[in-house]
Amino acid sequence: MIYFDNSATTKPYKEALHSFVTVSSSYFGNPSSLHSFGGQAEKLLSQAREQIAKLLSVKPNEIYFTSGGTEGNNMAIKGAAYRNRNKGRHIITSSIEHASVYNTMEELEQEGFEITYLPVDVEGRVSVMDLERNIRKDTILVSIMHVNNEVGTIQPIEDIANTLRNYPDILFHVDGVQGIGKVPLLIHENRIDFYSLSAHKFHGLKGTGVLFIRDGARLTPLFSGGNQERKIRSGTENVAGAVSMAKALRLTFLKQETGISPMEKIQQLLRNRLEEIDGIQVHTPIDYAAPHILNFSITGIKSEVFIHALEQKGIFVSTTSACSSKKKSPSRTLVAMDVPESLADSSIRISLSYDNTIEEAEEVMKAMKQTLNQLRKVMN
Amino acid sequence: MNYDRILIRYGEISTKGRNRNKFVDKLRKSVRIALIPFPKAKIEASRDRMYVLLNGENGIEIIKSLKNIFGIQSFSPAIKVERDVEALKQASLELLQSLFKAGQTFKVTAKRSDKAFELNTNEINDTVGGYLLSQIPGLTVNVKNPDINLRVEVRKEAIYLSCETIKGAGGLPLGSGGRAMLMLSGGIDSPVAGFMAMKRGLEIEAVHFFSPPFTSERSKEKVIDLARKLVDITKVSMKLHIVPFTDVQQAIREQVPENYTMTSTRRMMLRITDEIRHNREALAIVTGESLGQVASQTLESMYAINEVTNTPILRPLISMDKTDIIKIAEQIDTFEISNRPFEDCCTIFVPASPKTKPKREKVNQYESYFDFEPLIQEAVQGVEVLTIKPGSDKQSEFDELF
């Protein structure tokens, strides 16, 4: 089996699994319990918090454990909107955000907030000038993803940060789910107020994530309850999840040190081979794109059919994003990038991890060519 | 153009007379410790100032680690130039070109400690400023509020150029003022008091009272974490004396009327701390007391409690408001830890209405019915001494899970 769908989810590191199992079985105390068993759990949780903070170069009290990217994005956006609704009701985001941001924005629109969805260029990037033009007196929040989950475009976070430095009252949320461990980003240096992560995108377990909340940035909590996580995220803490996430993040950062350039080579190889094939159009831009994502369309062949055909050969890739692949509408990102709807309908996403090899890439390309030939024969 | 050195200005040290070398030595030691991660950097110290020669090490990172060092008033990244007007002009130009962004203003501030130099301060300002204006298009002068202030310092051995002055931690070099014991509870105040005492040059050893099962491992953990924060600031290890206090506290409960237990407890703690101080050859005790904050910190209370020793009790926070104390606690990153909700020796057995104006005669009378001395000696004997070492990575039993 060749797994090329790492933007959907990654295979958990066995070390992360080991931590999860050990903590779940031996240190299952509730960190809020007063007895020493609870104390151990609390210690584990705070060590996880410290380690993650250190890896992200932020302070431990800026780390809040969540159930993943969707929760982090909801907490940050709704929390900041509700907290500041008396200051203003205008929010700026992009038209290619992940559903957990986009749909949250649509909900806020129902509640009387005004949302500006910035368009993107043909490479999938927002324009900073455009962003600045749309800033108003009542703008309270800007939410822009770091790396697009479908095509891999890196958004100009540094430039946006520079612009926002002139507007100190506007909060800045960055959805970091696809970028973490693949595209380095300095959080404090880029005046980011909220930054969300999901562990299963870096070989941790599903159901665990982090929301970074800058010291001093305030938001209204979405859950009422036992006031865990400094009252921002009530609910008994997932200690084993947090510990395994800390481990997964450490191992990922370790692999990142030497892994980016081999990954870029694999991406380049795939891109070169795909571009040789008639009727294939690569959507992932050449510059300012993450090294792990490659998105392309095949004219005349429905992506779903292609994926199932590859699956029979033990190769796993995606249509657009896993989260929206069950919907029948074409990719919002590709449409925003001005890709014709017919092409957007037949897009395929390959997404890599540091464990994938150039041999696997060769094999996938061979299988793709075969599959294409077979399908084209049948479908023409 | 890159800076090649960091100029360190002494604060109060420069007002010291014959002892100045001792202070400078202590400061040099602190700086040397801070520079351990940067092996190529070298220190040059003189009576008036110190230079860190970067030798290719990262200046920004070094500045970060110098910021916490007590005894430094300010520092500036600088370039050394030979005493020659042409060389001065060239170096100034290169430095300014590396910093200048369109539309920015500048001024030149010359200082001449060596009057033998061929130009006086005004002439240096004119010569360098005029040269820069002629060479960099778009550059303008703003004397009142310039974006770039180019400082030219002419000294005997060379000229130094710098453009920014970064505020240091102030105070006096660590250890230049001798050793004191810090009574460290789990609260907000005592770590701040410790920090301020260290800032005045004291070397601190912490004393914590531990009363299992009335106080838990987690409250001890909390104090260790607090001590670790103080160590993080100075990068110098600190001893933490953990006193087994349960028996003394129980005896007080049994022997002393309830409204006086608080007063008595503090007196016993002070006696024990003083014994440890004596053994450790320290010369003072530091507490986090702030006047009027709680019952034990009224003037009458302090008068009754302080009776048990004539060792100097230093109270750096005595006249500070709680909000100001919290501000410092946040700065030194202890506030969060102090806020963890565990009982400590000061919060257990708190009487419903402690005496805010206890009388010495009364507390002496109550304590006279029982001989506390053996219990005190036992507590002193049973002290567990931990050495909190610098390096924020604490070893934990769980490390393999991370």
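Both backbone and side-chain heavy atoms feed into the values below; hydrogens, waters and symmetry mates do not. Chain A is the first sequence line, chain B the second, and so forth, proteins listed ahead of strands; every chain is numbered from 1.
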What part of [X] lies closer than 4.5 angstrom to a heavy atom of chain B: side chain, backbone, both or neither?
{"X": "A/E15", "answer": "neither"}
{"X": "A/A248", "answer": "neither"}
{"X": "A/F20", "answer": "neither"}

(message) Atom CZ of residue position A/F28 - does it have more than 12 heavy atoms of other residues, nucleotides or ligands inside 6.0 Å?
(response) no
Pairs of heavy atoms under 4.5 Å with chain B: top-ranked of [options]:
{"options": "A/H35, A/E42, A/R230", "value": "A/E42"}
{"options": "A/S244, A/G38, A/A246", "value": "A/G38"}
{"options": "A/L44, A/D215, A/L251", "value": "A/L44"}
{"options": "A/L34, A/T22, A/V23", "value": "A/L34"}

Could you give me the CA-CA distance, side-chain angles and deciding distance for B/R340 and B/E221, then say whether salt bridge (Lys or Arg N to Asp or Glu O under 4.0 Å) is met? CA-CA 11 Å; B/R340 288 184 208 158; B/E221 203 66 45; over 6 Å; no
Short side-chain donor-acceptor distance under 3.5 Å, [Y] and [X]:
{"X": "B/Q104", "Y": "B/N142", "answer": "no"}
{"X": "B/H241", "Y": "B/E384", "answer": "no"}
{"X": "A/S196", "Y": "A/H173", "answer": "yes"}

- prompt: Is it the backbone or the side chain of B/E217 that comes under 4.5 Å from a heavy atom of chain A, or both, or neither?
  reply: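 Contact with chain A involves no heavy atom of B/E217 at all.
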Item to check | A/Q51 (side chain) donor-acceptor with A/A48 (main chain) under 3.5 angstrom | outcome: no
